[in-house]
There are 2 protein chains.
Amino acid sequence: MTRLQINEVAPRDGLQIEAGFVATEEKIRLIDALSATGLARIEATSFTSPKAIPQLRDAEEVVRGIRRREGVGITVLVPNLRGCERALSCGVDEINLVMSSSDSHGQTNLRMTPAQSLERFAAILEATSGSDVFVNASLSTAFGCPFEGEVPPARVLELIGELIDIGVEGITLCDTTGMANPAQVGSLCKDVLARWPDTPFTLHFHNTRGMGLANALAAWQAGVTRFDASLGGLGGCPYAPGATGNVCTEDLVHMFEQMGVDTGVDLEALLAVSATLPALVGHETPGQVVKAGKADRRYPMPRITGSMPNP
Amino acid sequence: MTRLQINEVAPRDGLQIEAGFVATEEKIRLIDALSATGLARIEATSFTSPKAIPQLRDAEEVVRGIRRREGVGITVLVPNLRGCERALSCGVDEINLVMSSSDSHGQTNLRMTPAQSLERFAAILEATSGSDVFVNASLSTAFGCPFEGEVPPARVLELIGELIDIGVEGITLCDTTGMANPAQVGSLCKDVLARWPDTPFTLHFHNTRGMGLANALAAWQAGVTRFDASLGGLGGCPYAPGATGNVCTEDLVHMFEQMGVDTGVDLEALLAVSATLPALVGHETPGQVVKAGKADRRYPMPRITGSMPNP
């Protein structure tokens, strides 16, 4: 059975939506702790304009400050050529481009249509050619758009084809606002893996409507082995008020490990890092295993005081 | 595709663990609202000793006070012969017996070994013979025990066989403290449905470690069509501190409806009832769809103020 590859996105996707700025040295400490747990990749930051995302204005200092570890890829979000140059100068392993599957979300999120995004990506790919940096693209709203609704699977497949044509090496299918359901996920993943068996596809779920782990299960059943996830379930989406965050890394790792699927992750170590998040971000996190303990947690038998039948 | 049958357990499983007593007329209003949503069954209360569960001390008044509706079965938890007689006198459609799969949980929860529970059930079945009340048994800790750990599937199958032998008509497999994982659920459900194809099996999950919906998905994939669920995710387990509640009815209905699986439930109506819970129980509930809206919820496009790439 193939080992899963978990891409931890809390330092980027989680922290960029927090109200407060997490100090650079605390970000570095978080990422260093995460990279010691066996995660395959960590999305460390975003090389965006500091004005657009002040929470991540320390992108260079973070990437230069973290301890690099054999086997743990450091990836960063890159919105444009300038961001790509900044990222390359710091020696990242991977850059993650982002575009929307739907026009309205692209306009809102990036001020670009998918066609404009593809043009921009082509310029970025020229800049990375010759380097050994891996170029991934995240396709937002691949399972539905909060503004226009359904995004036809044929449209998603078309965009994937164009991304691969211009030289993108890996693709992340993103359920940006938690609209995906397991039937839809299973179907799209099967189609995509059958059509591009050599491209590494990653699935990025949100737990907005409680389906995060069910969707991850459906993707895995379809053959997917790479997942984005966010420690503690940090994250969310600025355009979906009321929504909870990304699928929680330790809950995802826990589920698959309980199923006997190897994630390569030391869950105890990961839970210990997750337990530091409330102090770091100033609020509770939605993660559940960190509160309830792993399924193999044992309780002492209470003193028997009465009959309380409860199945 | 078979319509799912959802058994709503919040009035019993949810309210029995709340600190406060919910007034009888409010319980009746809740159940009446629930029975108008298309749910197949409602576990309305528990005919337990009022001293053991004072929250449900009004069992008779509740069952006698609710409006009975064609197609909505009223089931009640019954711990012993006395409870059975009380339930029968109120004209319920179904009684739900409860026993543990594990000795230590049985001792703690019921002060009985599984063998003692089976003896007690036999006496109850004598009392119901001749009536047309349906007798269901809930098998707690069928996926693991918080005190002794693993419960071998062979042991669960053995207990199911004994329940069927003494005349129990339906069986609910309960993941009492949220220890089940989808691989385990799929495997046990397949075995059980293959061995007893004519017995109605219901699955009862908790979302303690976030796997509630993933487990329901795995059960459904194995052929299960009957689920217990609790409005708002109310419920929990007194012996698993830190644990969240039962799998949330509206989140479960939402997932299956999104997948194109008919539940017979009017989700809008169900969400409206769920929205009344915080005022009823005095705290927020863990349900997610009631907060985020259904997956087909559309947002107005915000005014575009800046570039905020976020897959």
Side-chain angles (χ1 to χ4, degrees), chain A residues 13 16 48-49 52-53 77 79 98 104 107-111 138 140 144 146-147 149 172 174 176 178-179 181-183 204 208-211 213-214 217-218 237-240 242-244 248 251 254-255 258-260 288-289 291-293 295-296 298-299 301-302 304 306-311, chain B residues 13 46 48-49 52-53 77 79 98 104 107-111 138 140 144 146-147 149 172 174 176 178-179 181-183 204 208-211 213-214 217-218 237-240 242-244 248 251 254-255 258-260 288-289 291-293 295-296 298-299 301-302 304 306-311:
Chain A
D13 209 349
Q16 81 168 28
T48 323
S49 148
I53 308 181
L77 193 142
V98 54
S104 55
Q107 283 299 340
T108 303
N109 204 32
L110 309 160
R111 292 197 221 174
S138 281
S140 297
F147 309 121
T172 303
C174 302
T176 308
M179 294 171 66
N181 69 69
H204 175 109
T208 317
R209 292 161 179 101
M211 294 184 282
L213 290 188
L217 175 66
C237 174
Y239 308 120
T244 54
C248 171
D251 290 2
H254 175 265
M255 178 179 80
Q258 286 289 315
M259 293 171 65
Q288 303 222 43
V289 177
K291 298 177 193 106
D296 58 12
R298 296 290 162 264
Y299 295 87
M301 276 181 72
I304 299 168
S307 177
M308 170 72 158
N310 184 35
Chain B
D13 210 350
S46 179
T48 324
S49 149
I53 309 183
L77 194 141
V98 51
S104 54
Q107 282 299 341
T108 303
N109 204 32
L110 308 161
R111 293 197 219 174
S138 281
S140 297
F147 309 121
T172 303
C174 302
T176 309
M179 293 172 66
N181 70 70
H204 174 108
T208 318
R209 290 157 181 105
M211 294 183 283
L213 290 187
L217 175 67
C237 175
Y239 308 121
T244 54
C248 170
D251 291 3
H254 174 265
M255 179 178 81
Q258 286 288 316
M259 293 171 65
Q288 303 223 39
V289 177
K291 298 178 193 104
D296 59 11
R298 298 290 162 262
Y299 295 89
M301 275 182 70
I304 298 168
S307 176
M308 170 72 159
N310 184 34

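Throughout, a chain's letter reflects where its sequence line sits, starting with A, and its residues are numbered from 1.
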*In terms of heavy-atom pairs under 4.5 Å with chain A, which of Cys174(B), Gly178(B), Pro182(B) leads?*
Pro182(B)
_Heavy-atom closest pair, residues Phe147(B) and Tyr299(A)_ = CD2-O, 3.3 Å
*Counting heavy-atom pairs under 4.5 Å to chain B, which of His254(A), Arg298(A), Gln258(A), Met211(A) comes out on top?*
Arg298(A)
*Compare every heavy atom of Arg209(B) with every heavy atom of Gly293(A), then report the nearest pair and how far apart it is.*
O-NE, 2.6 Å
*For Gln288(A) and Gly210(B), work out which heavy atoms get closest and say how close.*
NE2-CA, 3.9 Å
*Indicate the atoms forming the closest heavy-atom contact of Leu217(A) with Ala214(B), along with that distance.*
CD2-O, 3.6 Å
_For Thr108(B) against Met301(A), the heavy-atom pair lying closest together_ = OG1-CE, 3.1 Å
*Residue pair Met259(A) / Asn181(B): nearest heavy atoms and the distance that separates them*: CG-OD1, 3.5 Å
_Partner residues of Ser104(A) under the side chain to side chain donor-acceptor pair (under 3.5 Å) criterion, sequence neighbours left out_ = Glu148(A)
*asked:* Report which part of Leu213(B) has an atom under 4.5 Å of a heavy atom belonging to chain A: side chain, backbone, both, or neither.
replied: both
*How many angstroms lie between atom CE of Met179(B) and atom CG of Asp296(A), to the nearest 0.5 angstrom?*
7.5 Å
